[in-house]
Engineer: 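Structure in structure tokens, see below.
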Amino acid sequence: MKKLNIPLLVIIAVCAYFIGNSGKEIKIEKYPPGVNPERIILTWNEETQNTQTVTWRTDTTVAQSKVQWLKAVEVAQDIENPFEVEAITETFKSDVNSANYHHATMTGLQPDTEYMYRVGFEDHWSEWFQFKTCNSEEKDFSFLYFGDLQNGIKSQCSRVIRNAYSNFPESSFLLFAGDLVNNPQDNYWGEWFETGDWIYASKPVMAAAGNHEYIRHQLIGGLGPQWKYQFSFPKNGPEGLEASVYYFDYQDVRFVVLDSEGMSDGLLGSYKKQRDWLDKILSENPNKWSVVMLHHPFLSNRADEDNTKLEELYKPVYEKYNVDLVLQGHDHTYGRTGFLSKSANKGPVYIISVAGPKMYTPEPKDEMKRMASCTQLYQKIEVDENSILFSSYTVNGNLYDQFKLNKDDSGNKELVELIPYRKQERLGLPKGKRKKMTEDEFMVYQNKVAQRMIDLQAKN
């Protein structure tokens, strides 16, 4: 038999490859970019009444692209002489491909007006999408809020996003409280964009970065670079954190988005910088209402998971400026407080929610007025001149939690509980968790849940 003459270095290289990739997902490009516009998404990077920003992706052969827009017409033949502007184009190399990301801002828009737009160039245009601008007056509006998607994005999170939109198409925009994806890789982002598809192109999306939007490598770290190319958010945050910390005003509400993963003492070390910036932004708030969104809750739904540094630094600022809602994720459960301030009827209501299928075991806590486990949820939040109505729904559209926050012009607040108490709290153990528990651990959990049920009935 003829002896094979394979260089030793080749053998070593092959072995190293298989050892290095054992147990890892082989990178296959599931969502290659093309010449036609895709991953089209509305955001704001300027004010909300007279502008609208759009971002999209193509392959790298498309060096120039543009957006065209006009007031929405009744008949397609009436589309004549649309406004247009050239996009800013940047090339980004992801883990599996290179693509051009384009973003442009439509300006000179009239408040409370329906517009239609498309993006592309020459013979490669998207379909015409439609959106409505913010009202210039203090009229009623609503928005949708989602906790973590992270896993099963296409297969199991699509239902949540699409059902929320189908049930409440009048909602003005969508908020995501972090962990939109499991890893900041192109295939995950491809699933996320496919999940929302034309909804993201019709309703502005504003998001907070979660820990899974960060690169989990001790030598690299930092926010996944794809974030800043596909989301064109306001660049009004503290220096060095403009991509993930920002605020925007919508009618009579100031929305502030923080980066709680970037608050650590690690590479960014930004927690005090964000706290000081938050204090300034809230002190200058001209609006009646204020909503803060960040990924990590300081009062966790999980045992031994409370983020004391967040509470120490941020709770005093929330209460100082009488923030109304703090929207959070991370815990893969649902939990909602009442007022936690020592001053009666002051400060925010804190909410933790989850939209995706990954579930954790909750820790029953007295501070939580309503809790849930093993339940995919979305939230509709309605704002009018004197109140905020918060409603949390299961993926099937069933009302699970509800409260109303009333506030007068002096800032005095009243929390009205509207919990559907006939619907018992869902506090079962996530699939597989029971097998990992000893009998004693299981009995302890069951007793905690039973005691919580007794306490809730006694209070109501």
Side-chain angles (χ1 to χ4, degrees), residues 29-46 51-73 76 78-109 114-133 153-154 158 161-162 165 173-174 176 180-181 184-207 224-233 243:
E29 186 179 16
K30 297 180 181 179
Y31 297 92
V35 69
N36 294 315
E38 58 176 12
R39 300 191 184 183
I40 304 168
I41 185 169
L42 294 180
T43 60
W44 289 292
N45 64 18
E46 299 181 27
T51 73
Q52 185 67 72
T53 301
V54 59
T55 302
W56 64 101
R57 188 185 82 155
T58 63
D59 64 26
T60 55
T61 67
V62 182
Q64 291 182 310
S65 196
K66 63 180 68 173
V67 58
Q68 294 183 337
W69 75 93
L70 70 160
K71 287 185 180 179
V73 298
D78 293 338
I79 298 176
E80 294 181 353
N81 302 318
F83 299 99
E84 68 176 35
V85 66
E86 291 282 345
I88 296 172
T89 299
E90 299 174 284
T91 301
F92 171 70
K93 181 176 176 57
S94 74
D95 57 312
V96 292
N97 58 41
S98 292
N100 278 355
Y101 285 81
H102 316 270
H103 74 270
T105 299
M106 295 168 267
T107 61
L109 308 180
E114 295 277 358
Y115 283 89
M116 55 193 295
Y117 78 96
R118 66 176 184 172
V119 297
F121 72 104
E122 296 176 357
D123 295 327
H124 300 278
W125 291 95
S126 71
E127 65 266 52
W128 288 93
F129 297 101
Q130 194 158 315
F131 67 89
K132 188 175 183 179
T133 52
I153 302 170
K154 178 182 176 181
S158 298
I161 304 302
R162 297 170 189 177
Y165 177 84
F173 53 91
L174 285 63
F176 288 86
L180 287 65
V181 294
Q185 298 171 346
D186 190 76
N187 286 338
Y188 287 112
W189 282 119
E191 285 194 30
W192 187 84
F193 276 96
E194 190 173 15
T195 292
D197 197 27
W198 61 269
I199 298 173
Y200 298 159
S202 305
K203 299 287 183 179
V205 171
M206 308 300 276
Q226 205 155 342
W227 181 273
K228 69 177 183 179
Y229 290 99
Q230 62 194 17
F231 296 128
S232 185
F233 295 141

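Scope of the values below: all heavy atoms of this structure, side chains included, with no hydrogens, waters or symmetry mates. Positions are given from 1, in the same order as the sequence printed here.
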Engineer: So, T53 and T105: side-chain donor and acceptor under 3.5 Å apart, yes or no?
Structural biologist: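 There is such a pair between these side chains.
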Engineer: Decide yes or no for T107 and F83: does some side-chain heavy atom of the first lie under 4.5 Å from some side-chain heavy atom of the second?
Structural biologist: no
Engineer: Any luck finding a side-chain donor-acceptor pair between N36 and S126 under 3.5 Å?
Structural biologist: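 No, no side-chain donor-acceptor contact under 3.5 Å.
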Engineer: Side chains of Y31 and E194: do they bring a donor and an acceptor to under 3.5 Å?
Structural biologist: yes
Engineer: Would D197 and R39 pass as an ion pair if we require N to O under 4.0 Å?
Structural biologist: no
Engineer: For residues 81-98, pull every pair meeting salt bridge (Lys or Arg N to Asp or Glu O under 4.0 Å), keeping only residues two or more places apart or in separate chains.
Structural biologist: K66-E84, K66-E86
Engineer: So which heavy atom on I161 is nearest to which on G196, and how close?
Structural biologist: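 Heavy-atom minimum between the residues: CG2-CA, 4.4 Å.
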Engineer: For the aromatic rings, using the six-membered ring if either is Trp, is the centroid distance between Y115 and W128 under 6.0 Å?
Structural biologist: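 No, the ring of Y115 stays outside the 6.0 Å limit from the ring of W128, centre to centre.
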Engineer: Taking only residues two or more places apart in sequence, or in another chain, which ones meet W56 in a ring-ring contact (aromatic ring centres under 6.0 Å, His included)?
Structural biologist: H102
Engineer: Just wondering, more than 12 heavy atoms not from E127 lying within 6.0 Å of its CD?
Structural biologist: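 Yes - once you tally the heavy atoms of other residues, nucleotides and ligands closer than 6.0 Å, there are more than 12.
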Engineer: Between T91 and N100, do the side chains contain a donor N or O and an acceptor N or O under 3.5 Å apart?
Structural biologist: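 A pair is found: one side chain offers a donor N or O, the other an acceptor, under 3.5 Å apart.
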Engineer: For the CG atom on D78, are there more than 12 heavy atoms of other groups (residues, nucleotides or ligands in this structure) within a distance under 6.0 Å?
Structural biologist: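 Yes - once you tally the heavy atoms of other residues, nucleotides and ligands closer than 6.0 Å, there are more than 12.
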Engineer: For F129 and W69, I'd like to know if the aromatic rings sit close, meaning centre-to-centre distance below 6.0 Å.
Structural biologist: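 For F129 and W69, the ring centres are not under 6.0 Å apart.
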Engineer: Is a side-chain donor-acceptor pair under 3.5 Å present for Y101 with Q226?
Structural biologist: yes
